[in-house]
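Notes follow the structure.
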Amino acid sequence: MKYWLLKSEPEAWSWDNQVKEGASMWEGVRNYQARNNLKEMKKNDLCFFYHSVKQKSIVGIVKVVKEHYPDPTDETKRFVVVDVKATKKLRNPVSLDQIKGNNKLKDIALVKQSRLSVMPIKKIEWEEIIKLSSISYNK
DNA sequence: GCCAACGTTGGC
DNA sequence: GCCAACGTTGGC
């Protein structure tokens with residue numbers, strides 16, 4: 001069981017869209033590194049759902065419900081999608097600033113490779129972010 | 001809105 | 001196969 005982070009601009013595809021839609025394709029990835037990550041995802045892996053550009057926060061968790069298959073929106077047939085489903089909203093969003101300010105998260109791919117849209121998350125990083133989301137809730 | 005950091009494309 | 005030119009992403 002692995003952990004991941006998926007990025008989306010909320011104006012293109014938001015957490016609320018994901019909740020409303022239920023299980024849906026994670027489509028439109030056109031980057032090889034991101035694609036390779038999609039291919040490694042297994043059913044029931046969990047992914048943070050990150051809102052880029054505007055909110056710049058992790059807002060929820062989606063689960064992989066179907067492993068990779070060809071992206072029907074890709075004419076070149078080179079890229080793939082997985083199906084994901086919203087499973088849990090974070091109690092409080094965890095912002096990029098919070099992540100950057102946390103020593104345990106300083107090597108996270110989100111910061112190191114700011115342009116990558118599908119990235120692996122280490123278990124300790126996952127747990128730390130979960131913790132941050134509850135701590136901010138208590139404040 | 002700007003631009004740094006990347007990724008991709010295509011001419012050579 | 002190199003690399004200049006171009007396009008895109010996403011933080012600021």
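Proteins come first, then strands; the chains are lettered A, B, ... in the order of their sequence lines, and each starts at number 1. Being a predicted model, the structure only gives us computed values, none of them experimental.
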Sugar-phosphate means primed atoms, P, OP1 and OP2; the rest is base. With that split, encode nucleotides 3-12 of chain C 5' to 3' as B, S or - using protein heavy atoms under 4.0 Å.
----BBBSSS
Could you tell me which residues satisfy side-chain hydrogen bond (donor to acceptor under 3.5 Å, both in side chains) with [X], sequence neighbours excluded, listed by chain and number?
X: A/S14; answer: A/N17
X: A/W126; answer: none
X: A/E9; answer: none

What residues form a salt bridge (Lys or Arg N to Asp or Glu O under 4.0 Å) with A/D71, not counting sequence neighbours?
A/R30
Would you mind listing every salt bridge (Lys or Arg N to Asp or Glu O under 4.0 Å) that reaches into residues 45-56 of chain A, with sequence neighbours excluded?
A/E11-A/K54
